[in-house]
Asks: 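Before anything else, here's the structure in question.
Ligands are counted one by one from 1 in listed order, and the atoms in each one are counted from 1 as well.
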Amino acid sequence: MDVNGLQKAQEALDAEIKSFFNSAPPLRNIEDIGKDLRKFVEFNSPQAGNQSARKVVCVTSGGTTVPLEQRCVRYIDNFSSGHRGAASTEYFLKAGYSVIFLYRKGTRQPYCSLLPDDPFLECLEFTQESGIQARQPYSEAVKNAISEHHAAIANGTLLKLPFTTIFEYLQMLHLVAISMRSVGPHALFYLAAAVSDFYVPWESMAEHKIQSGSGPLDMRLVQVPKMLSGLRSEWAPMAYCISFKLETDVKILLEKADAALRKYKMHMVIANELLTRKEEVTLVTTNEKIHVRRDPKLVGDNVEEHIVKHIVKKHSAYVDNFDHKVSRA
Ligand code: PAZ
């Protein structure tokens, strides 16, 4: 495409993004989210003399829904459990990062991987003597989950922001990104959420529950505008950005990851296949492909621990390079 063509394509994308945000139902608690974000980012920002300054990562986790009705009864959803985001959050905190955990309501949470699916009912019991207490064999896991989670919140290193729909997710990601600008190159985006590619625009959506009496349902979904290039070039241009690419056909996986790396100017794309995503991934950058695998013989070995270790190194090099360029300027 020539320069003219590129400029036209960019203008068309900008218009699509603008129209998406203008027509999306506004976030209900936008003021509270903004306030929490400002406080969190200020506390962690690398301004002169700030003792609590840390690198900050926004981890997105779980899948977005696509509502089919404005007073939503039905919606389209996807498979994402939120395991990747929750586990990675723990490793980023361990590595000294502060984490904004932008997660789908009801999906996996940091520090809860050893708890059963219904922790409230299965892990707790009531006794006349001591009231509610943790039950064996879960008491150690419950104690650790509570203390690690409370410590991260109380220390100002973990901020949890829940979303459900594609409209909420993209508006919140935008808010997070512009709030993180002051963190400069110390900011990292780790976009593990499975984000819907198609949606029903709010203004063309039925207001009330779609009735089933009138035969087959014919509905037009339009493409969700690709926000990654906006994130890189405008929302948080100094941040280190990592997106994920999921495929079910391994034959096209690396090629698609490479294409995403170039198209959206990501610093890294993490390629994974649906069935093996908990075992192995490939970290794709412009000059290398690093294959990362968990060791199945090692109990408790998680692929996320290896991923985060590599990222911490790459991000540090990125920050050093940035500081070096600034000191030479
Ligand atoms: O949430 P989970 O642990 O079940 O799965 C993680 C994942 C596969 C959603 C993530 O690694 C990923 O690839 N996210 C991006 C998906 C995509 O839109 O291509």
Asks: Kindly state each residue pair satisfying side-chain hydrogen bond (donor to acceptor under 3.5 Å, both in side chains) with at least one member in residues 244-271, sequence neighbours excluded.
Replies: D258-K289

Asks: Given 3.5 Å as the limit, does a donor-acceptor pair link the side chain of R84 with the main chain of R277, or not?
Replies: yes

Asks: Does atom CD of E31 have more than 12 heavy-atom neighbours from other groups under 6.0 Å away?
Replies: no

Asks: Less than 3.5 Å apart, N/O on ligand 1 and N/O on the protein: could you list those pairs with the distances?
Replies:
| unit_1 | atom_1 | unit_2 | atom_2 | d |
| --- | --- | --- | --- | --- |
| ligand 1 | 1 (O) | S80 | OG | 2.7 |
| ligand 1 | 1 (O) | S81 | N | 3.3 |
| ligand 1 | 1 (O) | G82 | N | 2.9 |
| ligand 1 | 3 (O) | H83 | N | 3.4 |
| ligand 1 | 3 (O) | R84 | N | 2.9 |
| ligand 1 | 4 (O) | S81 | N | 3.0 |
| ligand 1 | 4 (O) | S81 | OG | 2.8 |
| ligand 1 | 4 (O) | R277 | NE | 3.3 |
| ligand 1 | 4 (O) | R277 | NH2 | 2.8 |
| ligand 1 | 5 (O) | R277 | NE | 3.0 |
| ligand 1 | 11 (O) | R84 | NE | 3.3 |
| ligand 1 | 11 (O) | N272 | OD1 | 2.7 |
| ligand 1 | 13 (O) | N272 | OD1 | 3.4 |
| ligand 1 | 13 (O) | N272 | ND2 | 3.0 |
| ligand 1 | 14 (N) | A192 | O | 3.0 |
| ligand 1 | 19 (O) | L246 | N | 3.0 |

Asks: Please collect all salt bridge (Lys or Arg N to Asp or Glu O under 4.0 Å) contacts where either partner lies in residues 214-235, sequence neighbours excluded, each pair once.
Replies: D197-K226

Asks: Could you state the interatomic distance from CD1 (I290) to OG1 (T285), rounded to the nearest 0.5 Å?
Replies: 6.0 Å

Asks: Only counting residues at least two apart or in another chain, list the ones meeting side chain to side chain donor-acceptor pair (under 3.5 Å) with N155.
Replies: none

